[in-house]
Amino acid sequence: MKLLILGGTVFLGRHIVDCALARGHEVTMFNRGKQNADLFPQVEKLRGDRDGQLDALKGRRWDAVIDPSGYLPRVVRQSAELLADAVERYVFISTISVYADYKVNGIDESYPVAKVADETMEDIGKAYGALKALCEQAVERAVPGRVLQVRPGLIVGPNDPTDRFTYWPVRVARGGEMLAPVGPDFPVQAVDVRDLALWTVQMTEQKQTGVYNATGPDYPLTMGTLLDASSAESGSDARVTYVPESFLLEQKVAPWSELPLWLPGKDNAGILSVSVQKAIAAGLEFRPLRETVRDTLAWERTRPGETELPRRAGMKPAREAELLAAWHVRS
């Protein structure tokens, strides 16, 4: 197949390019050339900007386009309308954050999506999910009946720029007493970027359409299981102290960023327990958790030290020690 990738140099897009090349596809990348521009020297690279600088795409044809870099409906609409007659399939990488709320477990693809009163607003920080839902709708309007909408959950593994998953294996590997949220049965969902990339390419090959939640794994994953796998892979002596949600909120711990994978309250109960049965039935498979942990730790060792590159998520050691001391006084 001839595949066009919009982006393709950072995380999921990068692994999609890797996977597509490994499966013998002809790949063209379209991006600004500002991040990891030296990647994939064997691949055709078209330069431009999704927002108004799409001339390099004009007059070309591909079997499919995979779009992992669209966040604003206005911008996504431009590429979708331009490519509507240039591709057979448009694959848009969305997110499970599109849903209106997370008050129930097992949310499937039919659940209502979030809305925003002003559909022209472009504040991704305030309306990430609602804007992604509008992006989905823009693509479907431009390429009706020929769209595959992939809604990933937390994407993890090598090259993850967010550090939300990476924090936990790295923290366990450091050893000593460590703080974790709620308890060992606290639910977690995540999908290895390589599994998601492979499945996305396979679905594109099969000319599939429709909407699919795409997170994982295919069993109930918990915080305790993740930390145990991290300990096993690193040989760590880490001792986990679980603290209740009430204490974390009282101490003003920032959910999801300062303490990754934790979101408080009943209103967030379903965000890490969405249904992925439709994607599993369509062939989404998951590598062992320990493999993801092992490869994440190996990649982490190739990165600059924390003094050169502050991590984007996770708790600083001094803050963790302070919270643990306060908890032991309390308990």
Between K207 and D63, does the salt bridge (charged side-chain N to carboxylate O under 4.0 Å, His left out) criterion hold? Intermediate values first, please.
CA-CA 10 Å; K207 301 182 179 181; D63 295 304; over 6 Å; no
Evaluation steps, salt bridge (charged side-chain N to carboxylate O under 4.0 Å, His left out), between E250 and R330
CA-CA 12 Å; E250 176 189 302; R330 176 79 57 86; 2.4 Å; yes
Before giving the answer on salt bridge (charged side-chain N to carboxylate O under 4.0 Å, His left out), spell out for R141 and E81 the whole-Å C-alpha distance, their side-chain angles and the decisive distance to 0.1 Å.
CA-CA 9 Å; R141 282 195 294 269; E81 291 178 349; over 6 Å; no
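Salt bridge present: R171 and E320 bring a charged side-chain N and a carboxylate O closer than 4.0 Å. For R74 and E122, the salt-bridge test passes: some basic side-chain N is under 4.0 Å from an acidic carboxylate O. The residues R290 and D228 are annotated as not salt-bridged, no charged nitrogen and carboxylate oxygen being separated by less than 4.0 angstrom. Salt-bridge formation is detected for the pair D192/R194: a Lys NZ or Arg NE/NH1/NH2 atom is positioned less than 4.0 Å from an Asp or Glu carboxylate oxygen. Ion pairing between R23 and E205 holds under the 4.0 Å rule for side-chain N and carboxylate O.
Side-chain atoms of R146 come within 3.5 Å of backbone N or O of A84 as a donor-acceptor pair. Side chain of S231 to backbone of L227: no donor-acceptor contact under 3.5 angstrom is found. Without hydrogens or angle criteria, Q189 side chain to P217 main chain gives no donor-acceptor distance under 3.5 Å. When atom types are taken as modelled, the side chain of T225 and the backbone of L221 share no donor-acceptor pair closer than 3.5 angstrom. A donor-acceptor pair under 3.5 Å is formed between the side chain of S69 and the backbone N or O of L6. Not a single donor-acceptor pair under 3.5 Å links the side chain of E233 to the backbone N or O of E291. Under a 3.5 Å cut-off, the side chain of N268 and the backbone N or O of P264 do form a donor-acceptor pair. In terms of modelled atom types and a separation under 3.5 Å, the side chain of N159 and the main chain of V193 share no donor-acceptor contact. In this structure, the side chain of D218 does not engage the main chain of F286 through any donor-acceptor pair within 3.5 Å.
Using cut-offs of 30° and 60° for the angle between ring planes, the F11 and H15 rings count as perpendicular.
A side-chain donor-acceptor contact under 3.5 Å links Y111 and D101. Side chains of T9 and N36: no donor on one and acceptor on the other come within 3.5 Å. Between the side chains of T241 and W327, no donor-acceptor pair is found at a separation under 3.5 Å. Between the side chains of Y212 and D108, no donor N or O sits under 3.5 Å from an acceptor N or O. Judged by distance alone, the side chains of R50 and S79 do bring a donor and an acceptor atom under 3.5 Å apart. Between the side chains of S94 and E136, at least one donor N or O lies within less than 3.5 Å of an accepting N or O. There is a side-chain donor-acceptor pair under 3.5 Å between D51 and Q78.
The nearest pair of heavy atoms linking S236 to G175 is OG-CA, 3.5 Å. Minimum interatomic distance between T222 and V188 (heavy atoms only, all atoms of both residues): C-CG2, 4.0 Å. Here the shortest heavy-atom pairing between K132 and I93 reads NZ-O, 2.8 Å. The two residues V211 and E109 have their closest heavy-atom pair at O-CG, 3.3 Å. Across every non-hydrogen atom of G145 and E140, the tightest pair is N-OE2, 2.8 Å. Scanning both residues, M29 and N31, for their nearest heavy atoms gives CE-ND2, 3.8 Å.
A 6.0 Å sphere centred on CZ of R32 holds no more than 12 heavy atoms belonging to other residues, nucleotides or ligands. Counting heavy-atom neighbours within 6.0 Å of D85 CG, excluding the residue itself, gives a total of 12 or less. More than 12 heavy atoms of other residues, nucleotides or ligands sit less than 6.0 Å from atom CD of E322.
Note: E177 CD to R239 CZ = 6.0 Å, rounded to the nearest 0.5 Å. Note that CG of L179 and CG of L248 are 6.0 Å apart. Values are rounded to the nearest 0.5 Å. Of the inter-residue distances, the one linking Y90 atom OH with L83 atom CG reads 6.0 Å to the nearest 0.5 angstrom. Taking CZ from F30 and CG from D67, the interatomic distance works out to 11.0 Å, rounded to the nearest 0.5 Å. Atom CD of Q206 and atom CG of L148 lie 10.0 Å apart (nearest 0.5 Å). Taking CG of L284 as the start and CG of L198 as the end, the distance is 9.0 Å to the nearest 0.5 Å.
Contact annotation: the side chain of T204 approaches that of M1 to within less than 4.5 Å [non-hydrogen atoms, C-beta and beyond]. T95 is not listed as a side-chain neighbour of R151, based on a closest heavy-atom distance of 4.5 Å or more. Within the 4.5 Å cutoff, the side chain of L57 has heavy atoms near those of the W62 side chain.
For the side-chain hydrogen bond (donor to acceptor under 3.5 Å, both in side chains) with D163, the qualifying choice from R312, R303, R311 is R303, the only one to do so.
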